[in-house]
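Every chain is numbered from 1 and lettered A, B, ... according to where its sequence line falls, protein lines coming before strand lines. These numbers come from the heavy atoms of this one structure, side chains and all, not from hydrogens, waters or symmetry mates. Predicted model, so just to flag it, every value in this text is computed and none were measured.
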Number of protein chains: 2
Amino acid sequence: MQRYFVPSNQWQDQTLTITDDDYHHIVNVMRMKEGQSIICSSNGMSYLCEIVQIHDKEVTCQVLEKLNENQELPITVTLAQGLPKGDKLDFIVQKATELGMKYFAPLQLDRSIVKWDHKKEQKKLERLRKIAKEASEQSHRAVVPTIHEKHTLKELFNNHSFDHCWVASELVAKEDVKHSPSFKEAIQQVKEGEHILLIVGPEGGFSDEEIHFLEELKCRSIRLGPRILRTETAPLYALSAMSFYFEEWRCEV
Amino acid sequence: MQRYFVPSNQWQDQTLTITDDDYHHIVNVMRMKEGQSIICSSNGMSYLCEIVQIHDKEVTCQVLEKLNENQELPITVTLAQGLPKGDKLDFIVQKATELGMKYFAPLQLDRSIVKWDHKKEQKKLERLRKIAKEASEQSHRAVVPTIHEKHTLKELFNNHSFDHCWVASELVAKEDVKHSPSFKEAIQQVKEGEHILLIVGPEGGFSDEEIHFLEELKCRSIRLGPRILRTETAPLYALSAMSFYFEEWRCEV
């Protein structure tokens with residue numbers, strides 16, 4: 001069944017109004033009619049709804065039933081990603097949304113080749129927010145990840161707080177850590193409801209200053225297997241492993 | 001250090017010859033000189049080598065040292081992927097190579113919208129093999145995954161044998177299997193050195209006939225978290241979870 005995120009100010013009791021892009025999608029793309037059902041989500045909850053009336057520029061729906069779904073990771077994950085080259089950020093946000101990420105922070109790091117000025121940033125953020133919304137609908141989540149504005153490393157820690165900070169670094173993959181499985185230890189220390197910050201560097205990795213800064217804050221390097229992963233693959237590995245561990249392995253969390 | 005796969009017929013004792021694309025990469029892209037070092041791989045082994053002589057169309061190298069690397073998963077994974085739309089197969093092969101896949105079989109399934117005729121297949125296979133080679137070099141693997149020709153489901157089981165067969169199906173994600181964690185049970189049954197076949201459907205999923213066929217063969221449905229994943233995300237989740245489990249969690253395998 002088709003799913004739409006409807007902003008909370010468009011709900012009134014058991015009635016809601018759908019406008020703009022989603023109106024277009026329902027009426028012109030899906031060619032749905034009055035009486036048909038869709039699923040509408042808001043504030044982390046999803047509802048089975050019936051299309052009551054199709055107007056000129058909006059669709060009115062009636063809630064039929066609150067759905068008892070739980071598609072959210074039992075932990076909160078912020079992904080902070082060093083600005084990568086090309087359109088990799090689009091890909092990362094789409095896939096990380098499918099895999100359960102809750103917050104995304106684009107990081108302007110010393111070795112990011114890409115620089116965002118204010119105008120570029122606004123355009124990029126708008127695009128990433130659209131991708132996150134669509135990926136949430138597609139993966140049947142009731143929450144759209146929040147896309148933060150661009151941060152430096154310092155701003156990230158000044159503006160937000162986390163229970164755990166992990167850094168995916170290719171330096172760790174190169175070392176033989178067969179007998180110091182740091183990701184295992186790290187993940188075992190996480191309790192239900194805690195907030196994990198996952199920092200992934202850009203193609204060129206971290207500068208010495210950034211590594212020093214992260215060490216001072218006691219951030220933990222985690223190894224994502226022994227192979228060298230591209231910057232866009234690392235967050236998907238980490239999120240997949242977290243989902244596997246928390247949602248498939250220890251289902252009692 | 002730069003890495004190259006060199007076909008075994010270009011090695012003679014401790015000397016090897018590099019030609020074609022890799023010659024171009026060494027001489028014209030990297031602008032390397034005689035005396036510089038590279039890593040050359042063949043048959044699953046990697047060697048530190050010195051560039052001895054740069055000729056007109058080939059580079060001669062001398063082995064300095066055999067490297068004691070182990071970047072390979074302790075299990076063998078064949079990914080059989082229903083032909084997806086667009087250029088998703090390129091992406092899947094690149095990422096699955098980074099994540100340790102050993103064999104790749106493109107599957108012509110009933111609901112694959114894309115059809116490969118013989119000419120298209122040859123072109124696609126050539127491209128996928130190039131992507132697999134480059135991704136292996138980039139992720140520091142000593143083995144390039146084998147890209148099989150197109151298979152139907154029946155051909156896949158007629159031509160190859162496996163110890164375990166897993167099917168990633170979105171039907172499983174939709175069910176509440178909180179208390180029957182099938183991926184956990186499945187992964188716990190795998191022993192070192194065994195061969196896992198992972199089958200992923202195309203966008204439209206499997207036909208009833210295909211599901212029946214897979215059930216007859218006692219293939220196991222695995223859930224990759226509770227969210228619905230796109231066809232190109234599912235194999236990356238499964239491979240990441242396998243790497244996490246075999247390479248980070250139970251390092252004693």
Could you check B:Trp249 against A:Phe183 for side chain to side chain contact (heavy atoms under 4.5 Å, CB included), going step by step and ending with a plain yes or no? CA-CA 8 Å; B:Trp249 185 264; A:Phe183 192 16; over 6 Å; no

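- Residues passing the side-chain hydrogen bond (donor to acceptor under 3.5 Å, both in side chains) test with B:Ser41 are B:Ser46, sequence neighbours excluded.
- For A:Asn68, the CG atom is loosely surrounded, since the number of other residues' heavy atoms within 6.0 Å does not exceed 12.
- At a 4.5 Å heavy-atom cutoff, the contact between A:Gln94 and chain B is made by side-chain atoms alone.
- Within a 6.0 Å sphere centred on CD of B:Glu194, other residues, nucleotides and ligands contribute more than 12 heavy atoms.
- For CD of A:Glu126, the number of neighbouring non-hydrogen atoms (other residues, nucleotides, ligands) closer than 6.0 Å is 12 at most.
- Qualifying side-chain contact (heavy atoms from CB on, under 4.5 Å) partners for A:Ser136, counting only residues two or more places apart in sequence or in other chains: A:Phe5, A:Thr97, A:Arg141, A:Val144, A:Pro145.
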Let me have the donor-acceptor pairs involving side chains of residues 228-241 of chain B, under 3.5 Å, with sequence neighbours excluded, atom names and distances please.
from     : atom 1 : to       : atom 2 : distance (Å)
B:Arg230 : NE     : A:Glu98  : OE2    : 3.4
B:Thr231 : OG1    : B:Gln81  : NE2    : 2.9
B:Thr231 : OG1    : B:Gly201 : O      : 2.7
B:Glu232 : OE2    : A:Lys95  : NZ     : 2.9
B:Thr233 : OG1    : A:Lys95  : NZ     : 3.2
B:Thr233 : OG1    : A:Glu98  : OE1    : 2.9
B:Thr233 : OG1    : A:Glu98  : OE2    : 3.2
B:Tyr237 : OH     : A:Ser243 : OG     : 2.6
B:Tyr237 : OH     : A:Phe244 : N      : 3.1
B:Tyr237 : OH     : B:Gly225 : N      : 3.4
B:Ser240 : OG     : B:Leu236 : O      : 2.7

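- Between A:Glu247 and B:Arg223 there is no salt bridge, since no side-chain N of the basic residue sits under 4.0 Å from a carboxylate O of the acidic one.
- Without hydrogens or angle criteria, B:Arg227 side chain to A:Gln71 main chain gives a donor-acceptor distance under 3.5 Å.
- Listed in order of number, the residues of residues 127-135 of chain B that approach chain A to under 4.5 Å between heavy atoms are B:Ala135.
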